[in-house]
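Here the structure is laid out as structure tokens; the discussion comes afterwards.
What you are looking at is a predicted structure, and each value in this text was computed from that prediction instead of being measured. Numbering of ligands and ligand atoms starts at 1, following listing order.
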Amino acid sequence: MGRDVIIACDFNSKEEVVSFLSKFQDEKPFVKIGMELFYAEGPEIVRTIKKMGHKIFLDLKLHDIPNTVKKSMAVLSNLDVDMCNVHAAGTKAMMSAAIEGLTRADGTRPLLIAVTQLTSTSEEVMQEELWIDKPIDKTVMHYAKNTMEAGLDGVVCSPLEAGKVHEVCGEKFLTITPGVRFADGDVGDQKRVTTPAKAKELGSDFIVVGRPITQADDPVAAYRRCVAEFVG
Ligand code: C5P
């Protein structure tokens, strides 16, 4: 799977997401489905969007004991998603179990990536509340290394960290990066943003773009602009 743009479909209902995706007639973008939509609509939403011809990143961020994660991942694999994720904090044993669960009888499996430290967790909270007594940037890279050692395909990170992740974990290890905005667009609640072109330059493999596409007057044009800048 080469470099691609993933649209974060942060909608509340099937009606909204189907109506949004129906605007795309000539291309079938890779879409991210999050917890909100999945919990509201259940696994049927994945089947519906798959049937429409889209690839799916199911962003459920699993974190539990290895056996539970393994069995849950087998369910997601049967749903035929293309990418899913776990928390690296669940340990290498949990991540390896996740891969086992995802791997189908024929040896194929969806891509599996990990969240390192959520960007909503500050270094202060990480150290004083969670008692992780290390600098946050070092923790993120250490978790990325654990992820690679457990055999996963990549991590979610900022485009600004993509180069360093590739340095530590190798060029083939995937970086999936949110926090992307057009140079002339609204930043919204994102703090550290880069343009699609800059994300490409920094080495991101997939950019996850939500509102700059979903809230655009012309979402198809906004998506095409992203692809033109990022994929080229
Ligand atoms: O609308 P926007 O482009 O900001 O959407 C970005 C998407 O990426 C959202 O679904 C958001 O939850 C997700 N995300 C993020 N930052 C992270 C991890 C995930 O923005 N660190």
cation_pi(Arg3, Phe206) dist<6.0 Å, angle<=45: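 No, Arg3 and Phe206 do not form such a contact.
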
Report all protein residues having a heavy-atom distance below 4.0 Å to some atom of ligand 1; order the list by chain, then number. Ala8, Asp10, Lys32, Thr119, Pro178, Arg181, Gln190, Val208, Val209, Gly210, Arg211, Pro212

Partner set under side-chain contact (heavy atoms from CB on, under 4.5 Å) for Asp218, not counting sequence neighbours: Val220, Ala221

Just jot down the side-chain contact (heavy atoms from CB on, under 4.5 Å) partners of Ser96, sequence neighbours excluded, or say none. Ala150

Residues in salt bridge (charged side-chain N to carboxylate O under 4.0 Å, His left out) contact with Lys50, at least two apart in sequence or another chain: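 Testing Lys50 for salt bridge (charged side-chain N to carboxylate O under 4.0 Å, His left out), a comparison that skips the adjacent residues, returns Asp82.
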
Under 3.5 Å, is there a donor-acceptor pair linking the side chains of His87 and Asp64? no

In terms of hydrophobic clustering (I, L, V, M, F, W, Y; side-chain heavy atoms under 4.5 Å; direct or indirect links), are Ile33 and Val17 co-clustered? yes

